[in-house]
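All ligand and atom numbering here is 1-based and tracks the order in the structure.
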Amino acid sequence: MSRTPKHFETAVIHEGYDAKDMLGSLTTPLFQTSTFTFGSAEQGERRFGGEEEGYIYSRLGNPTVTALEERIAALENGERGLAFGSGMAAVSAVLVALTKANDHIVCSSGLYGCTFGLLTMMKEKYNIDHDFSTMESKEALRSMIKPETACIYVETPINPTMKVIDLQMVARVAKEFNIPVVVDNTFSSPYLQRPLELGCDVVVHSATKYIGGHGDVIAGLVVGKKEFLDDVAMTTQKDIGGIISPFDAWLLLRGLKTLPIRLDRHCDNAEKIVEKLREHPKVSTVYYPGDEKNPDHPIMMKQMKQGGGVISFEIGGTKEDAQRMLNHLSFLKIAVSLGDAETLIQHPATMTHSVVPEPSRLKMGITDQLIRLSVGLEQWEDIWFDLNEALNSL
Ligand code: LCS
């Protein structure tokens, strides 16, 4: 399908699929098949030899998955997209493709717990070392780059501290050293932030979150330059094999159609909840990039459409107080993950980031008093009523 420029709200519904190609079916058909038959032995030979276009086997490509890959490429404004069976499959496929033994990675000074776990494993097994950088200035970032640095890996906003990294600045420094910048865009989705347009090279997603949006899929996506993504497709995607199922791709295509309207509501709700949290006597600090009082607000305004749907906050007290507060909630759900219709609340120190050793965790700003809230699509007053009751119980 041609990449005619479309508004984002139109592209989420139409890109990557043309009903004319599929007997007029309005929605993308679900090709729930593991393999594709060849008309002849010679055709099989031509397909494997790359002389003839066409599907072979669903680990190497599937029409439902292709539609999703083309749609996400268009939404992130990249040349090619690839879909994976989880966000971690996407992150690991990219990092393994970009590095070899004895290389080095510079990361943002906060990462999702399992990404931290992956980097620790790469260090132990392949001596691929990593260093964290606050990336608060060009000098701070430059000082971390070594001759063996293979890439810069950034989460922004960072899970769960909601710190924001200036992507244009990072991309400029990376160009000086001719190394790629990989951005985990999970917390923003391409509706709020498009790192490739800011000069970064590769975007990864846990599509489990806002892209799916309904808490029913685990999936990952990667977008970037065709040359690099062709390489990932033929190596870490094909041979390590962390591919998405056609049904999950189909669910993501459905979820994507409402991404803009869902995110508008997530963000508006989050802004209301932030105002209330800031006034609550039991809340000591609120971390939300869309908050004008947040020191990262100017960077957020430069690169994001709105502040997103996730808020972190600290309560006065201990780990047990944080747990008591969660246990007091009535309809808000204690659960990891984020970006669902339901408001989800979790305790990063003992849940999503429990794999991070305490000293590193504290350096990342994840204290025992920190609580992460993924603000859902419910009426915000109801969300606040439940939160307020739980905070008042402390
Ligand atoms: N990147 C980020 C920023 C994430 O938050 C997650 C999952 C992943 C990658 C991995 O994606 P997955 O394989 O789970 O699709 N974050 C989670 C979280 O904060 N709570 O539960 C999972």
For atom 9 (C) of ligand 1, the option (of I218, V217, L338, D184) bearing the nearest heavy atom: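 Checking each option, the heavy atom nearest atom 9 (C) of ligand 1 is found in D184.
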Salt-bridge criterion met for R142 and E139 (N-O under 4.0 Å):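 The answer is yes: the pair qualifies as a salt bridge.
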SB check E79 K225 (cutoff 4.0 Å):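 Salt bridge absent between E79 and K225.
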Proximity flag A89 to ligand 1, non-hydrogen atoms under 4.0 Å: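 Judged by the 4.0 Å heavy-atom criterion, A89 does not count as contacting ligand 1.
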Using a 3.5 Å cut-off and no angle test, enumerate the donor-acceptor pairs between side-chain atoms of residues 335-343 and protein atoms at least two apart in sequence or in another chain.
unit_1 : atom_1 : unit_2 : atom_2 : d
D340   : OD1    : G215   : N      : 2.9
T343   : OG1    : G376   : N      : 2.8
T343   : OG1    : E378   : OE1    : 2.7

Ligand 1 contact on Q346 by region, counting heavy-atom pairs under 4.0 Å: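 Neither part.
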From K209, H205, E155 - option closest to atom 7 (C) of ligand 1 by heavy atom: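 Closest candidate by heavy-atom distance is K209.
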Donor-acceptor pair between Q369 and S284 side chains, under 3.5 angstrom: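 Looking only at side-chain atoms, S284 and Q369 do not form any donor-acceptor pair under 3.5 Å.
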F313 ring center within less than 6.0 Å of H280 ring center: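 Between F313 and H280, which both carry aromatic rings, the centre distance is not below 6.0 Å.
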For ligand 1, the portion of A207 having any non-hydrogen atom under 4.0 Å away: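 Neither; nothing of A207 gets under 4.0 Å from ligand 1.
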Contact partition for V204 relative to ligand 1, non-hydrogen atoms under 4.0 Å: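 Under 4.0 Å from ligand 1, V204 contributes no heavy atoms.
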Backbone or side-chain N or O of R372 under 3.5 Å from ligand 1 N or O: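 Yes, there is a polar N/O contact under 3.5 Å.
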Co-members of the apolar cluster containing V154 [side chain, <4.5 Å]: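 Cluster partners of V154: V106, M135, L141, M144, I145, I152, I158, I165, L167, M169, V170, V173, F177, I179, V181, V183, L198.
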Residue part near ligand 1, for M351, under 4.0 Å between non-hydrogen atoms: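 Neither; nothing of M351 gets under 4.0 Å from ligand 1.
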